[in-house]
Amino acid sequence: MSTAPILTVSLNAAVDVVYTIDRFAPDTINTATDVQRMAGGKANNVARVLASLGQRVIATGFTGGAAGRFIVDDLTRRRIVADFEESGGENRTCTTIIDPTSKTVTELRERGPVLTPADAERFLARFRRLVGGAGLVIISGSLPPGIAADFYRELVSEAWRAGQVRTLLDACGEPLAAALSAQPYFVKPNLDELQEWAGAALPTDHHILLAARKLLKAGPLLVGVSLGARGLLLVSESADWWATPPAVEPLNTVGSGDSLVAGFATGLLTGLDADGILRLAVACGTANALTRAVAEVRPEDVEQLRGRVQVRKVR
Ligand SMILES: Nc1ncnc2c1ncn2[C@@H]1O[C@H](COP(=O)(O)OP(=O)(O)OP(=O)(O)O)[C@@H](O)[C@H]1O
Ligand SMILES: [Mg+2]
């Protein structure tokens, strides 16, 4: 496949550590029976799924310290080109504790190093250099402390300016709201994120559809609302679709949204029609739910699920 590489942007990249600990408890010694360590941050998750779908990927963002070196090594091992800006601070570590006995998932999060306006300027210069040759840009996740809330808007605008490069944006809160006027090609809130943007609960499909249309009017060319087991609602100026996966027994749905974004990007870049893009996107989200790992899909699951996704054009 000789499509242009996809550029993924993880401004607050992390080392993700997942411990499996039976009967996890505070105030005592807990010993892990399994440890997984990988490059994280949501756009790095997307990058990993893209690579397993056979796409060429350049991952960028900020790295620093030993954690930064780990992130670069882990991505490189997965055949992702890591092209990060050095920051003064060490990347954060995000720890997840899975307890198979109590079936609980406990998350320990760091905020990440505080970045400066000078860091932001240096990153923008790197982004300008990288984006011209990209087939698509994917921006996912939260902004690190110290970066202005409208930074994603700058990146989306820069991508359009640099050569009409489309941006897929998976963000929430102020960074999402501020980026809309730059017209990202696709935004992908889940239901919680759409409710937060709308400032109201969205109890029915009708409410969800109205909120998605309102979000579309604020700037993006496509709005995809991901709804867990219920799939994806895609809203555009000319038509709306629902894409529903088959019922499955999920093992771990964390990273399903990231996997969906990777499938959507792959479908777009390889020239599939709307039906094909939706099938691939939803199949990737659901394939991730079938593995224990975060943002990991088995290609055979994706192939098998693609044909079983139901796509309905609803307008
Ligand atoms: N329980 C499930 N059964 C089948 N498919 C699922 C399930 N949960 C998620 N998916 C698939 O993954 C897609 C994205 O899921 P979801 O809406 O949960 O994303 P998300 O909340 O953004 O996830 P994350 O941010 O952790 O990556 C869904 O559209 C669907 O295709
Ligand atoms: Mg998500």
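Positions are given from 1, in the same order as the sequence printed here. All values below come from the heavy atoms of this structure, side chains included, with hydrogens, waters and symmetry mates left out.
Remark: Arg23 CZ is loosely packed, at most 12 non-hydrogen atoms of other residues, nucleotides or ligands lying under 6.0 Å away.
Between Arg78 and Asp74 there is a salt bridge, with a side-chain nitrogen of the basic residue lying less than 4.0 Å from a carboxylate oxygen of the acidic one. Salt bridge absent: Lys313 and Asp275 never bring a charged side-chain N and a carboxylate O closer than 4.0 Å. With respect to the salt-bridge test (charged N to carboxylate O, under 4.0 angstrom), the residues Asp83 and Arg126 qualify. Arg48 has no carboxylate O lying under 4.0 Å from a charged side-chain N of Asp258, or vice versa, which leaves the two without a salt bridge. Contact check on Arg128 versus Glu158 returns a salt bridge, with a Lys/Arg side-chain nitrogen under 4.0 Å from an Asp/Glu carboxylate oxygen.
Contact annotation: the side chain of Thr60 approaches that of Leu7 to within less than 4.5 Å [non-hydrogen atoms, C-beta and beyond].
Between the side chains of Lys42 and Ser10, no donor-acceptor pair of N or O atoms lies under 3.5 Å. A donor atom on one side chain and an acceptor atom on the other are not found under 3.5 Å apart for Thr76 and Asp73.
Judged purely by atom type and a 3.5 angstrom limit, Asn30 uses its side chain to pair as donor or acceptor with the backbone of Ala25. Judged by distance alone, the side chain of Thr286 and the main-chain N or O of Ala283 form no donor-acceptor pair under 3.5 Å. Under a 3.5 Å cut-off, the side chain of Arg56 and the backbone N or O of Thr3 do form a donor-acceptor pair. The main-chain N or O of Leu290 is never found under 3.5 Å from a side-chain atom of Asp301 such that the two would form a donor-acceptor pair.
A distance of 6.0 Å or more separates the ring centres of Phe84 and Phe62.
Nearest heavy-atom pair, Ala4 versus Ala134, reported as atom, atom and distance to 0.1 Å: CB-C, 4.1 Å.
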(request) Using the side chain to side chain contact (heavy atoms under 4.5 Å, CB included) rule, take Ile21 and Asp99 through it: C-alpha gap first, then chi angles, then the decisive distance, then the call. (result) CA-CA 5 Å; Ile21 300 177; Asp99 182 341; 5.9 Å; no

(request) Any chance you could lay out the side chain to side chain contact (heavy atoms under 4.5 Å, CB included) test for Leu268 and Leu136, step after step, and finish with the verdict? (result) CA-CA 9 Å; Leu268 266 181; Leu136 280 176; 4.2 Å; yes

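In this structure, Phe264 is a member of the same hydrophobic cluster as Trp242, with clusters built from ILVMFWY side-chain heavy atoms closer than 4.5 Å.
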